[in-house]
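Below: the structure, in structure tokens.
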Amino acid sequence: MLLQFFRNDQLFQRGLSRFQRALAKVLAIAMVVVIIAATIQLLVVIGTEVSPGNSPLLGHELERVLGDVLALLITIEVLENITAYLKDHRIQVELVLATAITAMARKIIVLPADVGGKPLFVASLGLGTLALCAAYWLISRGGNQLKA
């Protein structure tokens, strides 16, 4: 039976497809758990930061909270990527690029203050962000031309 599975290409491809779909479903469930846990953690952090007796959300605290919010958005976008894959059985490049742009924006927002001494690092982040934005623009522009 196992030998027939490897000899029959259609049977083998169906098995691989089922495995991919099952794995995507497991990943989607795991992402939901991560999103719920991260949301609870973020709400606790925000509640702690704005509680009476604490200083207002300024400086490092604000950067940390914004970084956490963006990390949560990235996680939601990854879940959307998995869901889109389950629906269409294709990777949606525009959605992947939007996720990558959000991740780059998060990285830039939460940069530590001592990064000023590393101009090449900052320039590479800027160049990477520009490249991702250009790719997103080209993909979205190309998609609109195909629809018209």
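- Applying the side-chain contact (heavy atoms from CB on, under 4.5 Å) test to Ala71 and every residue at least two apart in sequence or in another chain returns Arg106.
- Not counting sequence neighbours, Glu80 has no partner by the side chain to side chain donor-acceptor pair (under 3.5 Å) test.
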List, one per line, each side-chain donor-acceptor pair under 3.5 Å for residues 17-32, sequence neighbours excluded.
from	atom 1	to	atom 2	distance (Å)
Gln20	OE1	Tyr85	OH	3.2
Arg21	NH1	Leu86	O	3.1
Arg21	NH2	Leu86	O	2.9

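- When the side chain to side chain donor-acceptor pair (under 3.5 Å) test is applied to Asp9, no partner is found at least two apart in sequence or on another chain.
- Ala100 is linked by a side-chain contact (heavy atoms from CB on, under 4.5 Å) to Leu132, counting only residues two or more places apart in sequence or in another chain.
- Judged as a side-chain contact (heavy atoms from CB on, under 4.5 Å), and not counting sequence neighbours, the contacts of Thr129 are Met104, Ile108, Cys133.
- Within the 4.5 Å cutoff, side-chain heavy atoms of Leu73 are placed close to those of Leu70.
- With sequence neighbours left out, Glu94 forms a side chain to side chain donor-acceptor pair (under 3.5 Å) with Tyr136.
- With sequence neighbours left out, Val93 forms a side-chain contact (heavy atoms from CB on, under 4.5 Å) with Leu97, Ile139.
- A search for side chain to side chain donor-acceptor pair (under 3.5 Å) contacts involving Thr102 returns Glu77, not counting sequence neighbours.
- In this structure Phe121 satisfies the ring-ring contact (aromatic ring centres under 6.0 Å, His included) test with no other residue, sequence neighbours excluded.
- Under the 4.5 angstrom side-chain criterion for Ile, Leu, Val, Met, Phe, Trp and Tyr, Leu130 has no cluster partners at all.
- Side-chain atoms of Leu125 and Leu111, non-hydrogen and from C-beta on, do get closer than 4.5 Å to each other.
- For the atom pair CG of Leu72 and OG1 of Thr39, the computed distance is 4.0 Å after rounding to the nearest 0.5 Å.
- The structure places CG of Asp68 at 5.5 Å from CG of Leu42, a figure rounded to the nearest 0.5 Å.
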